[in-house]
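Structure first, then comments.
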Amino acid sequence: MTQAPSFDPSTSILRHLVAAKTPPAQYLGHHIALHGGSGIGGALQAANIPQDYRHLTPQDAPMLGTQADAARAAKRLSERFREHFKDGYRLRSAYLHSTSPGTGKTTLACALLNEFIALNYLAKLKGFPHHRNPAYFLDVNAWQGSYNLAVALGKDSAEMQAFVAELRMAQTAQLIVLDDIGVREATPGFRTHLHTLVNARVAAGKPTIYTSNIEMKELAMVFGEQRLADRVKEQCVEIAFTGESKRGLR
Ligand SMILES: Nc1ncnc2c1ncn2[C@@H]1O[C@H](COP(=O)(O)OP(=O)(O)OP(=O)(O)O)[C@@H](O)[C@H]1O
Ligand SMILES: [Mg+2]
């Protein structure tokens, strides 16, 4: 007789959403739908969440204890997510900012994206309105790197197709994270694509969680124009992260 597969419930983004006494075996199937059987699959893989950030939730992410403003914002945004799935509340964008690196911005951004994916999954399960393409994580620096390679290899290369596929995913997903939007070395060609992406989302009223080491007022430099920077600013709540880098702490 083969043994039923098991999993570590502390890694599941459903852990705080199922009734406290639910035996993990009862939600194994749902865990697999979200995380994949091996932990590298399911809805989180489809949303491109970085592997190290797939277990995070906005209830117990490690930065909540030291980032008071961010912790309050995480609670408020989680409540808004619930209202979104309950009665269609229109979500606003958020701009997670700190001058120092390593303060927990990507951690919270992923925790929130994971929560959105989990709530979307539960809405689907219960037959409530949900999104076919709920979430996408885009690392802006890595995307700039893909662009450089794609340009070097030519417009018909597989690399260019992959670059454009990421653009499409990020354009169409309901909620995305644009991680490290303040990339300083953006090339003019890349800046055009970043502008296209953000402009399309802003025009469609789709929310975005930005993380950045630059102030919102410097965004005009990133997009190459003031108008889009102003529109982003209008639609965003700013969440400040303070202190020095916590990288290396667990
Ligand atoms: N307040 C904290 N307590 C414990 N660990 C933390 C805290 N903040 C961040 N970390 C840890 O530090 C590491 C870096 O966090 P994260 O990637 O979220 O930072 P970041 O603000 O996005 O950094 P960067 O500006 O370089 O992108 C992660 O491993 C995270 O778990
Ligand atoms: Mg980061």
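Just so it is clear, the model here is predicted, and its values are computed rather than measured.
Formation of a donor-acceptor pair under 3.5 Å by the Ser100 side chain with backbone atoms of Gly243 is found in this model. Of the possible donor and acceptor atoms, one in the side chain of Thr172 sits under 3.5 Å from a partner among the backbone N and O of Arg168. Of the possible polar contacts, one joining the Arg191 side chain to the Met221 backbone as a donor-acceptor pair under 3.5 Å is found. No donor-acceptor pair closer than 3.5 Å links the side chain of Gln51 to the backbone N or O of Gln45.
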Inset, instruction - For side chain to side chain contact (heavy atoms under 4.5 Å, CB included), just list the numbers for Gln235 and Val202, CA-CA rounded to whole Å, side-chain angles, deciding distance to a tenth of an Å, and then say yes or no. - result: CA-CA 8 Å; Gln235 292 188 359; Val202 165; 3.6 Å; yes
Legend entry - Stepwise side chain to side chain contact (heavy atoms under 4.5 Å, CB included) check, His31 with Arg15: CA-CA 9 Å; His31 173 85; Arg15 59 188 180 274; over 6 Å; no
Inset, instruction - Decide yes or no on side chain to side chain contact (heavy atoms under 4.5 Å, CB included) for Gln67 and Ile239, but give the supporting numbers first. - result: CA-CA 10 Å; Gln67 298 288 346; Ile239 303 170; over 6 Å; no
Legend entry - side-chain hydrogen bond (donor to acceptor under 3.5 Å, both in side chains) between Gln144 and His193, worked out: CA-CA 10 Å; Gln144 163 84 75; His193 293 294; over 6 Å; no
Inset, instruction - Determine, stepwise, if the pair Ser212 / Tyr95 fulfils side-chain hydrogen bond (donor to acceptor under 3.5 Å, both in side chains). - result: CA-CA 7 Å; Ser212 180; Tyr95 194 85; 3.0 Å; yes
Inset, instruction - Could you walk me through whether His97 and Glu238 pass the side chain to side chain contact (heavy atoms under 4.5 Å, CB included) test, one step at a time? - result: CA-CA 7 Å; His97 170 257; Glu238 184 162 7; 3.8 Å; yes
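Annotation: side chain of Leu175 is not in contact with side chain of His131 (no heavy-atom distance under 4.5 Å). Inter-residue side-chain proximity for His35 and Ser12 is flagged as met; some heavy-atom pair is nearer than 4.5 Å. Between Tyr210 and Leu219, every side-chain heavy-atom pair lies at or beyond the 4.5 Å cut-off. Side-chain contact check for Leu108 versus Met63: some heavy-atom pair is nearer than 4.5 Å. Inter-residue side-chain proximity for Asp179 and Phe137 is flagged as met; some heavy-atom pair is nearer than 4.5 Å. The shortest distance between side-chain heavy atoms of Leu149 and Met160 does not fall below 4.5 Å. At a threshold of 4.5 Å between non-hydrogen side-chain atoms, the residues Phe223 and Ile181 count as touching. Side-chain contact between Leu178 and Asp139 is absent, with no heavy-atom pair separated by less than 4.5 Å.
Of the residues listed (Leu91, Leu77, Val177, Ile176), the one engaging Ile209 in a side chain to side chain contact (heavy atoms under 4.5 Å, CB included) is Val177, and it is the only one.
Taking NZ of Lys86 as the start and CG of Leu119 as the end, the distance is 12.5 Å to the nearest 0.5 Å. Note that the CD1 atom of Ile49 and the CG atom of Leu56 stand 9.5 Å from one another [nearest 0.5 Å].
For the residue pair Lys105 and Ser98, a side-chain donor N or O sits within less than 3.5 Å of a side-chain acceptor on the partner. Donor-acceptor pairing under 3.5 Å is lacking for the side chains of Arg132 and Gln174. For the residue pair Thr57 / Asp60, a side-chain donor-acceptor distance below 3.5 Å is found, with atom types taken as modelled.
What you find for His30 and Leu125 is that their closest heavy atoms are CE1-CD2, 3.5 Å. Residues Ala47 and Ile117 share a closest heavy-atom pair of CB-CD1, 3.6 Å. Minimum interatomic distance between Gly39 and Arg54 (heavy atoms only, all atoms of both residues): O-NH1, 4.0 Å. Here the closest non-hydrogen pair linking Asp69 and Ala240 is CB-O, 3.9 Å. When all heavy atoms are compared, the tightest approach of Ala173 to Ala135 is CB-C, 3.8 Å. Between Arg90 and Ala204, the shortest heavy-atom distance links the atoms NH2-O, 4.3 Å.
The salt bridge (Lys or Arg N to Asp or Glu O under 4.0 Å) check on Glu225 picks up Arg227, with sequence neighbours excluded. With sequence neighbours excluded, the residues that form a salt bridge (Lys or Arg N to Asp or Glu O under 4.0 Å) with Arg80 are Glu83.
By the 6.0 Å contact criterion, CD on Glu244 is open, its count of non-hydrogen atoms from other residues, nucleotides or ligands being 12 or less. Atom OH of Tyr89 has more than 12 neighbouring heavy atoms from other residues, nucleotides or ligands inside a 6.0 Å radius.
Between Trp143 and Phe163, the ring-plane angle classifies as parallel under the 30° and 60° cut-offs. Relative ring orientation between Phe190 and Tyr147 is described as tilted, the plane-to-plane angle lying within the 30° to 60° band.
Connection of Leu194 to Val164 is established within a shared hydrophobic cluster, with ILVMFWY side chains joined at heavy-atom distances below 4.5 Å, either directly or through further cluster members.
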